[in-house]
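Data block below; observations after.
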Amino acid sequence: MSPRITLATAARVLRQLRGDHRTVTLIVVVPCVLLGLLAWVYADAPVDVFDRIGPALLGVFPFVVMFLVTSIATLRERTSGTLERLLTSPLAKGDLMLGYALAFGIVAVVQALVATAFAVWVAGLDIAGPLWLLVVIALVDAVLGTALGLLASGFARSEFQAVQFMPAFVLPQFLLCGLIQPRDALPRPLELFSDVLPLSYAVDAMQQVTADADPLAEVLPSLGMIALWVVLALVLGSLTLRRRTP
């Protein structure tokens with residue numbers, strides 16, 4: 001692996017994204033639209049429902065969007081033959097995975113800033129904790145979606161299959177992360193299963209920021225678990241990455 005090649009890969013991906021306006025819109029605008037729609041739905045609720053579930057969804061929406069975009073973009077590289085040509089050069093699989101992670105991580109920074117600003121200053125989200133920590137958690141969640149998307153792309157043979165992997169990678173986490181039902185109220189086997197899912201820790205961290213004015217000590221272990229999952233997904237993705245789709 002070479003830092004120079006990794007950075008060159010990231011720069012190439014960013015140039016491609018810059019010319020793909022629909023993908024940029026999906027990454028940056030769609031989470032804001034969904035958050036705005038949610039705030040509108042609960043605008044007349046007798047309790048602050050949006051303040052309770054909005055922060056958690058601020059982590060879930062970027063996670064889902066980055067998973068879809070990354071898995072499809074990486075698969076397109078393979079089906080078009082671009083990946084096979086790249087891997088005949090000095091580019092290693094690790095360079096490719098880290099380059100993609102870095103490029104989409106930069107995009108995730110923009111996404112997290114825009115989505116958080118929209119949620120707080122437009123949709124009226126009220127949190128007890130610091131705003132910067134909310135941005136950090138949203139960013140880490142988006143990077144998690146990127147890493148899992150890179151991993152999922154290694155098992156798909158078409159863009160349609162990449163989308164089909166979303167229920168397997170995303171929906172179980174969404175159902176068990178504590179957003180619909182508190183995790184400690186789940187049946188014991190499901191609670192234990194949720195304890196190993198990264199999105200559970202993302203929702204825990206967001207909810208802690210919502211309720212606590214100084215949540216950093218409680219949030220750091222959750223961020224550590226998410227970071228561990230990101231590294232694991234990138235390592236597994238580099239091991240399962242194929243040069244081309246049969």
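What you are looking at is a predicted structure, and each value in this text was computed from that prediction instead of being measured. Along the sequence shown, residues are numbered consecutively beginning with 1.
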Checklist entry - Any side-chain heavy-atom pair from Asp20 and Arg22 closer than 4.5 angstrom? => result yes
Next on the checklist: Test side-chain contact (heavy atoms from CB on, under 4.5 Å) on Val24 and Gln111; report intermediate values, then the result.
Outcome noted: CA-CA 9 Å; Val24 172; Gln111 183 192 60; over 6 Å; no
Checklist entry - Within a strict 4.5 Å, meaning less than it, do heavy atoms of the Val65 and Pro31 side chains meet? => result yes
Show me the side-chain donor-acceptor pairs of residues 121-143 shorter than 3.5 Å, one per line, residues at least two apart or across chains.
none

Next on the checklist: Would Thr25 and Val30 count as a side-chain contact (heavy atoms from CB on, under 4.5 Å) here? Give the steps.
Outcome noted: CA-CA 7 Å; Thr25 300; Val30 168; 5.5 Å; no
Item to check | Side chain proximity check, Val107 to Leu14, heavy atoms < 4.5 angstrom | outcome: yes
Which pairs of donor and acceptor atoms, one on a side chain in residues 183-199, lie under 3.5 Å apart (sequence neighbours left out)?
from, atom 1, to, atom 2, distance (Å)
Arg183, NH1, Ser194, OG, 3.2
Arg183, NH1, Asp195, OD1, 2.6
Arg183, NH2, Asp204, OD2, 2.6
Arg188, NH1, Glu191, OE1, 3.3
Ser194, OG, Glu191, O, 2.7

Item to check | Donor-acceptor contact below 3.5 Å, side chain Ser153 vs main chain Leu150 | outcome: yes
Next on the checklist: With a 4.5 Å cut-off on side-chain heavy atoms, are Thr146 and Tyr100 touching?
Outcome noted: no
Item to check | Thr116 side-chain N/O to Leu113 backbone N/O, donor-acceptor pair under 3.5 Å | outcome: no
Checklist entry - Can you tell if the side chain of Leu68 reaches within under 4.5 Å of the side chain of Val170, non-hydrogen atoms only? => result no
Item to check | Straight-line distance of Met206 CE to Leu58 CG, nearest 0.5 Å | outcome: 4.0 Å
Item to check | Stepwise side-chain contact (heavy atoms from CB on, under 4.5 Å) test for Ile180 and Leu175 | outcome: CA-CA 7 Å; Ile180 298 175; Leu175 295 173; 3.7 Å; yes
Next on the checklist: When you compare the side chain of Arg52 with that of Thr210, does any pair of heavy atoms fall below 4.5 Å?
Outcome noted: no
Next on the checklist: If I take atom CG from residue Leu228 and atom OH from residue Tyr201, how far apart are they, to the nearest 0.5 angstrom?
Outcome noted: 10.0 Å
Item to check | Evaluation steps, side-chain contact (heavy atoms from CB on, under 4.5 Å), between Gln173 and Val60 | outcome: CA-CA 10 Å; Gln173 297 192 64; Val60 171; over 6 Å; no
Item to check | Nearest-0.5 Å distance that lies between atom CZ in Arg12 and atom CG in Leu17 | outcome: 10.0 Å
Checklist entry - Is there side-chain contact between Val209 and Val219, with heavy atoms separated by less than 4.5 Å? => result yes
Checklist outcome for this item: The single option from Phe174, Phe67, Phe63, Trp229 that satisfies ring-ring contact (aromatic ring centres under 6.0 Å, His included) with Phe169 is Phe67
